[in-house]
> 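Shown below is the structure under consideration.
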Amino acid sequence: MCGIIGYIGDRKACDVIVSGLKRLEYRGYDSVGVVTENGGELYIRKGAGKIGELEKKLGLSELPGNRGIGHTRWATHGIPDDTNAHPHTDCTGEIALVHNGIIENYLELREELLEKGHLFRSDTDTEVIAHLIEEELKTAGDFEEALRNALNRLKGSFALGIIYSRDVEHLYFVRHESPLVLGIGEGEMFAASDVPAFLPYTNRAVFIDDGEYVILSKEGYTVKDFRTGAVREKEVHTINWSLEMAEKQGYPHFMLKEIHEEPKAVKEAIYGNIEFMDRIAEEIAEYDKIFIVAMGTSYHAGIVGKYLFQRLARKVPIVEEASEFRYEAEGVIDKNTLVIAITQSGETADTLAAIRLAKKRGAKTLSIVNVVGSMATRISDLVIYTHAGPEIGVAATKTYTTQLTVLTMLAIALARHLKTVDGDYLNTLEEDLHKLPELIEEVLGYEDELKALAEELEEKKDFFYIGRGISVATALEGALKLKEISYIHAEGLSAGELKHGPLALIEDGVPVVAVAPSGKTFDKIVSNIEEAKARKGFIISLGDNDELRKISDVFLRMPEVDELLSPVVYVVPLQLLAYHLAVLRGNDPDKPRNLAKSVTVE
Ligand code: F6R
């Protein structure tokens with residue numbers, strides 16, 4: 001997730017762009033860049049760091065001209081440094097562009113363009129687009145045709161802002177699976193990833209749809225379909241949001257916005273890793289002594305990872321909290337050990353210490369990380385990015401489902417490599433993996449029901465979340481979400497454990513949330529639910545088998561999904577339930593008391 005802002009009009013473009021970038025910073029903040037045009041010449045300044053630090057240092061507010069584009073980056077391909085910061089240019093330096101999204105086929109395109117003699121300066125997927133347009137310009141009738149030809153060769157997600165020094169009347173913008181909105185002024189026009197970027201100047205907006213590009217001039221805009229070239233009529237909306245509401249795209253909290261971003265985030269996690277997973281699997285296939293280390297929500301992803309590795313790759317990783325591993329594991333790690341660290345921030349002190357210990361003992365380290373360029377990525381041998389985009393809410397939501405997504409991809413790739421399970425089953429699982437964004441979308445539709453349920457449960461003091469097999473992790477994560485933002489006591493546990501102690505706490509009306517997808521242990525969890533019901537527990541069950549309806553006070557009918565993929569879908573209603581309970585109880589879910597987004601101390 002990155003932020004784009006473009007301006008064309010009579011104002012000093014860099015002023016509009018710099019102020020817009022400040023308002024887009026929540027979308028990404030590891031590097032910044034601005035390009036303006038004056039007298040047919042492009043002026044580019046860019047660098048790693050935050051806009052506040054770089055504005056003066058790079059002289060961003062001194063750039064001449066009345067049209068230009070800015071970018072605030074959240075790195076996906078290539079570490080956050082000066083060279084990888086956007087804008088990127090073609091070989092001639094006449095085309096400069098900024099990008100938000102991931103180009104899935106960039107390696108293939110880069111190879112082709114290198115062969116044709118193009119010189120690349122960065123490690124980004126974005127740079128290929130500039131060279132591709134340059135290449136298409138050699139045969140196309142004009143810039144617009146070259147742009148369209150290039151766009152039709154791209155796979156993945158992209159919102160683009162493009163400036164061509166030979167066309168001083170226009171700016172070009174594109175949207176495909178990454179957001180883009182136009183701001184309509186009087187004799188001036190804006191384009192941005194999000195409304196807050198231009199809200200101080202205009203509240204009239206046109207939302208661009210997937211597969212469309214925009215030719216922007218001072219006086220107006222033309223929107224066309226980039227597959228057919230046909231002009232599209234667009235509706236102008238009046239935005240009544242405050243600036244703060246607009247940053248959250250109308251959602252009252254970042255957490256809710258981030259939950260609603262999960263379909264997209266999971267898609268990006270798939271797109272962003274599809275090309276690399278086999279190579280990573282090959283590199284780790286020989287290891288049999290495997291530890292998965294992480295904290296909090298990432299630790300729960302590790303538990304899901306354990307089940308996936310067992311069932312698919314026939315490997316049995318030990319999942320350990322990094323805070324324990326770092327003090328206990330020294331004697332058992334050696335060069336034959338693989339340590340997989342899972343960390344959204346890449347900066348959690350205990351997880352970093354665990355990686356360092358593993359390295360010191362000669363083990364191979366693989367980190368699954370969201371923040372590109374974070375410490376974990378710098379000290380690990382191998383890195384898989386989750387591509388969830390920045391997560392502002394303290395409670396992990398979209399970063400969890402993307403961690404699960406990449407762990408599933410890794411386990412499938414390992415199983416293929418090791419031929420541990422039937423290839424047809426892996427194909428089906430892979431097909432189903434691509435359907436996850438749709439399934440998440442479907443369960444997001446339960447929000448009203450979950451909100452009503454939260455109202456019913458608002459006064460409850462203790463919650464129990466139960467699951468079996470891979471769903472134990474979902475139970476633990478559901479309980480953690482509730483604790484951390486609603487401040488209600490909650491326990492997550494394996495349903496089989498219930499009658500070994502915790503059942504003593506179940507009495508009239510105590511909520512028991514059962515995570516019960518169809519699968520190996522479905523009948524077992526049904527018995528466990530009965531046990532809780534017999535003690536008058538208030539049963540809320542999530543599953544795809546209607547039998548659950550009979551034994552539950554509340555039944556949430558979940559879409560059918562392979563048990564191994566179910567954690568990605570089943571956790572979403574639990575995130576929503578926790579969110580609505582927190583709000584009802586007057587808490588700020590984005591900033592829970594006593595907690596920080598990144599725990600950089602032991
Ligand atoms: C809970 C949560 C935390 C983090 C934990 C690890 O919602 O966000 O439990 O999961 O602090 O953080 P990372 O993944 O950054 O290492």
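Atoms within each ligand, like the ligands themselves, are counted from 1 in listed order. It should be emphasised that the depicted structure is a prediction, and the values quoted were computed from it without experimental measurement.
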> Without hydrogens or angle criteria, can the side chains of K481 and T297 be said to hold a donor-acceptor pair below 3.5 Å?
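On atom types as modelled, these side chains qualify, holding a pair under 3.5 Å.
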
> Could you tell me the residue and atom name of the protein heavy atom closest to atom 15 (O) of ligand 1, and the distance to it rounded to 0.1 Å?
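Scanning the protein heavy atoms, the shortest distance from atom 15 (O) of ligand 1 goes to S345 OG, 2.6 Å.
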
> Against heavy atoms of S298, which atoms of ligand 1 measure under 4.0 Å?
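The list of qualifying atoms is 10 (O), 13 (P), 14 (O).
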
> In terms of residue, atom name and distance, what is the protein heavy atom nearest to atom 12 (O) of ligand 1?
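It is T348 OG1, 3.4 Å.
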
> Considering non-hydrogen atoms of the protein only, which is the closest contact for atom 6 (C) of ligand 1, and what is the distance?
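Here the nearest protein heavy atom works out to M295 O, 3.3 Å.
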
> Does a side-chain N-to-carboxylate-O contact under 4.0 Å join K46 and D82?
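No, this pair does not count.
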
> Considering only the protein, which heavy-atom contact is closest to atom 2 (C) of ligand 1, and what is its distance?
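Atom 2 (C) of ligand 1 sits closest to the protein heavy atom T297 OG1, 3.7 Å.
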
> Starting from atom 11 (O) of ligand 1, locate the nearest protein heavy atom and write down its residue, its atom name and how far away it is, to 0.1 Å.
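Looking at atom 11 (O) of ligand 1, the protein heavy atom closest to it is V599 CG2, 4.0 Å.
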
> Closer than 4.0 Å to some heavy atom of T343 - which atoms of ligand 1 meet that?
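Heavy-atom distances to T343 below 4.0 Å select 13 (P), 14 (O), 15 (O), 16 (O).
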
> Tell me whether E563 is salt-bridged to R468, with the criterion being a basic N under 4.0 Å from an acidic carboxylate O.
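No, no charged N to carboxylate O under 4.0 Å.
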
> Say you draw a straight line from NZ of K451 to CD of E455; how long is it, rounded to the nearest 0.5 Å?
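Reported value, rounded in 0.5 Å steps: 6.5 Å.
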
> Identify whether the distance between the nearest side-chain nitrogen and carboxylate oxygen of D350 and R326 falls below 4.0 Å.
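Between R326 and D350 there is a salt bridge, with a charged N closer than 4.0 Å to a carboxylate O.
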
> With sequence neighbours left out, what residues match E177 under salt bridge (charged side-chain N to carboxylate O under 4.0 Å, His left out)?
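Scan of E177 (salt bridge (charged side-chain N to carboxylate O under 4.0 Å, His left out), adjacent residues dropped) gives K267.
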
> Check K481 against ligand 1 and report side chain, backbone, both or neither, counting heavy atoms closer than 4.0 Å.
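Under 4.0 Å from ligand 1, K481 contributes side-chain atoms alone.
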
> With atom 8 (O) of ligand 1 as the reference point, say which of A341, A396, G296, P592 has the nearest heavy atom.
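It is A396 whose heavy atom sits nearest to atom 8 (O) of ligand 1.
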
> Count the heavy atoms of every other residue, nucleotide or ligand shown that sit under 6.0 Å from NZ of K289, and state whether that count exceeds 12.
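More than 12 within 6.0 Å, yes.
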
> Should N370 be listed as contacting ligand 1, given a heavy-atom distance under 4.0 Å as the test?
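N370: no contact with ligand 1 (<4.0 Å).
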
> State the atoms of ligand 1, each with its element, that fall below the 4.0 Å cut-off from a heavy-atom position in V394.
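Those atoms are 8 (O).
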
> Measure the shortest side-chain to side-chain distance between I470 and I303 over non-hydrogen atoms and say whether it is less than 4.5 angstrom.
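Not in contact.
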
> Using a strict cut-off of 4.0 Å, indicate which atoms of ligand 1 neighbour a heavy atom of E484.
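The atoms of ligand 1 under 4.0 Å from a heavy atom of E484 are 1 (C), 7 (O).
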
